[in-house]
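Heads up: the structure comes next, in structure tokens.
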Amino acid sequence: MNIIIIETKATEFVHSLNIHSNLAGCKYLIKAITFGVDSAINQHIQFDYKSTIANVAEEYSLNVKQIESNIRRAIDSSYTHYPDVYKNI
């Protein structure tokens, strides 16, 4: 599957959760989903959270804790403002 298609689908999914694109965690989450799906499809490896987050951190020149914190903050903000969206998941 083309990386652009994966990223587009990841973006659509993240935005369907009402995670706002102005939050840093949004772009990190999209990148993590894209990387994880691409790795699973093209390299036939099972999704590995630690290596996925580490790769995202490396790409943005941040540490893993910063990436995780920003992703948590983005999800928490969305859940706080739109809890009904998460009831259907």
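Worth saying up front: this structure is predicted, and the values here are computed from it rather than measured.
- Residues passing the salt bridge (charged side-chain N to carboxylate O under 4.0 Å, His left out) test with E59, sequence neighbours excluded: K31.
- When the ring-ring contact (aromatic ring centres under 6.0 Å, His included) test is applied to Y60, the partners found at least two apart in sequence or on another chain are Y28.
- Residues satisfying the side chain to side chain donor-acceptor pair (under 3.5 Å) test with D38, not counting sequence neighbours, are N42.
- Pairs of residues two or more places apart, or lying in two chains, that qualify as salt bridge (charged side-chain N to carboxylate O under 4.0 Å, His left out) and include a residue from residues 74-89 are D84-K87.
- When hydrophobic clusters are built by joining Ile, Leu, Val, Met, Phe, Trp and Tyr residues whose side-chain heavy atoms come closer than 4.5 Å, directly or via intermediates, L29 is not grouped with I3.
- Between N55 atom CG and I67 atom CD1 the span is 11.0 Å, to the nearest 0.5 Å.
- In terms of the side chain to side chain donor-acceptor pair (under 3.5 Å) criterion, residue partners of N70 (sequence neighbours excluded) are, by chain and number, R73.
- Tracing side-chain contacts under 4.5 Å through hydrophobic residues (I, L, V, M, F, W, Y), one never reaches F35 starting from I75; they form parts of separate clusters.
- R72 meets the side chain to side chain donor-acceptor pair (under 3.5 Å) test with no other residue; sequence neighbours excluded.
- Between V64 and A54, the closest heavy-atom pair is CG2-CA, 4.0 Å.
- For N63, the side-chain contact (heavy atoms from CB on, under 4.5 Å) partners at least two apart in sequence or on another chain are K65, Q66.
- When the side chain to side chain donor-acceptor pair (under 3.5 Å) test is applied to Y86, the partners found at least two apart in sequence or on another chain are S78.
- Under the 4.5 Å side-chain heavy-atom criterion for Ile, Leu, Val, Met, Phe, Trp and Tyr, I53 and I33 are members of the same hydrophobic cluster.
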Identify every side-chain donor-acceptor pair in residues 5-15 under 3.5 Å, counting partners at least two apart or on other chains, and give the distances.
| residue | atom | partner | partner atom | Å |
| --- | --- | --- | --- | --- |
| T8 | OG1 | I4 | O | 2.8 |
| T11 | OG1 | E7 | O | 2.8 |

Sequence neighbours left out, cut at 3.5 Å: what donor-acceptor pairs do the side chains of residues 18-26 make with other protein atoms?
none

